[in-house]
Amino acid sequence: MGILEKIAEIEREIARTQKNKATEYHLGLLKAKLAKYRAQLLEPSKSAANKGEGFDVMKSGDARVALIGFPSVGKSTFLSLMTSTASEAASYEFTTLTCIPGVIEYKGANIQLLDLPGIIEGAAQGKGRGRQVIAVARTSDVVIMMLDATKGEVQRSLLEKELESVGIRLNKTKPNIYFKPKKGGGISFNSTVPLTQCSEKLVQLILHEYKMFNAEVLFREDCSPDDFIDVIVGNRVYMNCLYVYNKIDQISMEEVDRLARQPHSVVISCGMKLNLDYLLERLWEYLALTCIFTKKRGERPDFGDAIILRRGASVEHVCHRIHRTLASQFKYALVWGTSTKYSPQRVGLTHNMEHEDVIQIVKK
């Protein structure tokens, strides 16, 4: 029996097993086995004969955004509208066969947008170049999931399932579980909160399935067995995802209103160019970028050339971005903006910068 057959067998077993107190250990073990087989499926085969061609797109700009969706939902049209890159768009499926990069210029930042080929069901197993598409998505900062508003919720659940099965967790935070394998001493299990979904026995069964008999486990929040398996495997990617419903000009106002009110969702129409500016605003929020402006002594700030950093960046990050030796020669900095109590405020390397702050660095 091949890996795909084993995965299908376990999925059928999980579907027909009732979820109650008596079956939670059985379900936990099945989920651990399923995660193991899926990990084997993602490992590249040892033989180099069937080497596929990947999408080698160099990371450029301040952030990277991947466009994922089924064929013919408007990904290429969206790329052509938002960037100066022209991606071929037609009324037949699989118009785009490779990865096409474009750059969105917004608030002084260059955001790399990748138009990926359409995903089909079974992409995680390698159907329709799905593996290469998903591999590019793993390296992105944010995923934009393009959905056809006329097709309902089917596409969204199918795409989420495909991405979940390859270890991409959308709009989730990393489970607060401390896990450390040891050389000996058995399994040490503790929790700082009451657990309703996991127990010590279930944790031991899952660890034994992974051939781990000595480890230290500390639950700092009430997590499910799936979250614990993610921590053991350790190669999961947690990223923000924006669900973009295209073709809203073809559905009723009530349906548009319902879709727009869903969490992490934006409704647009590429054909009629509706709501694209709001989508850019939401994308900026999800990327969590900040613009920092620099100033020379006795001169006005340079508002034409901003330094783009992640939210929560400190003065030290700004120094490293300007020049790698600047932090070692740093004496103090003067900052104007919302991160200070008064302007200008004299700050050190650990001071956190905020959006559109102005900084003047004084060297020793």
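Fair warning: this is a prediction, and the values are worked out from it, not measured in the lab. Atom set for the values below is all heavy atoms of this structure, side chains included, hydrogens, waters and symmetry mates excluded.
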How far does CD1 of Ile229 sit from NZ of Lys31, to the nearest 0.5 angstrom? 7.5 Å
Is there a donor-acceptor pair closer than 3.5 Å between any side-chain N or O of Asn176 and the backbone N or O of Arg220? no
Only one of Ile359, Val358, Asp305 forms a side-chain contact (heavy atoms from CB on, under 4.5 Å) with Thr294, so which one is it? Ile359
Is the closest basic N to carboxylate O distance between Asp230 and Lys172 below 4.0 Å? no
Could you report the tightest heavy-atom contact between Val65 and Ser140, atom names first, then the distance? C-OG, 4.4 Å
Asn246 (side chain) donor-acceptor with Cys270 (main chain) under 3.5 angstrom: yes
Ser224 versus Asp226, side-chain donor and acceptor atoms under 3.5 Å: no
Crowding at CD, Glu13 (>12 non-hydrogen neighbours, <6.0 Å): yes
Check whether any side-chain N or O of Glu216 sits under 3.5 Å from a backbone N or O of Lys182 as a donor-acceptor pair, and report yes or no. no
How about Thr338 and Glu354: does a side-chain donor come under 3.5 Å of a side-chain acceptor? yes
Does some side-chain heavy atom of Leu259 sit less than 4.5 Å from a side-chain heavy atom of Leu147? no
Hey, is the main chain of Asn110 close enough, under 3.5 Å, to the side chain of Asp62 for a donor-acceptor pair? yes
Stepwise salt bridge (Lys or Arg N to Asp or Glu O under 4.0 Å) test for Glu160 and Arg156: CA-CA 6 Å; Glu160 281 177 341; Arg156 178 168 170 171; 3.6 Å; yes
Less than 4.0 Å between a side-chain N and a carboxylate O, is that true for Glu164 and Lys161? no
Taking all atoms of both residues into account, what is the closest heavy-atom pair of Ile308 and Cys291, and its distance? CD1-SG, 3.5 Å
Does Leu287 offer a backbone N or O that forms a donor-acceptor pair with the side chain of Asp141 under 3.5 Å? no
Do the side chain of Lys201 and the main chain of Leu205 share a donor and acceptor less than 3.5 angstrom apart? no
Quick check against the 3.5 Å criterion: does Arg236 have a side-chain atom that pairs as donor or acceptor with the backbone of Lys174? no
Nearest heavy-atom approach of Leu170 to Cys241 is CD2-CB, 3.8 Å
Nearest 0.5 Å, what's the CG-NZ distance between Leu289 and Lys107? 10.0 Å
Does Ser265 use its side chain to pair, donor to acceptor, with the backbone of Pro263 at less than 3.5 Å? yes
What's the separation between atom CD1 in Ile268 and atom CZ in Arg282, rounded to the nearest 0.5 Å? 13.0 Å
Has the side chain of Gln329 got a donor or acceptor atom that lies under 3.5 Å from a matching backbone atom of Lys363? no
Side chain to side chain, Arg321 and His317, heavy atoms closer than 4.5 Å: no
Answer yes or no: is there a side-chain heavy-atom contact under 4.5 Å between Ile322 and Ile361? yes
Looking only at non-hydrogen atoms, find the nearest pair between Ile187 and His208 and report the distance. CD1-NE2, 4.0 Å
Of all heavy-atom pairs linking Gly337 and Thr340, the shortest is O-OG1, 2.9 Å
State, yes or no, whether a side-chain contact exists between Leu163 and Met145 at a heavy-atom distance under 4.5 Å. yes
For Arg297, which residues count as a side chain to side chain donor-acceptor pair (under 3.5 Å) partner, sequence neighbours excluded? none
Please list all pairs passing the ring pair (Phe, Tyr, Trp, His ring centres under 6.0 Å) test where one or both residues lie in residues 327-364, with sequence neighbours left out. Trp284-His355
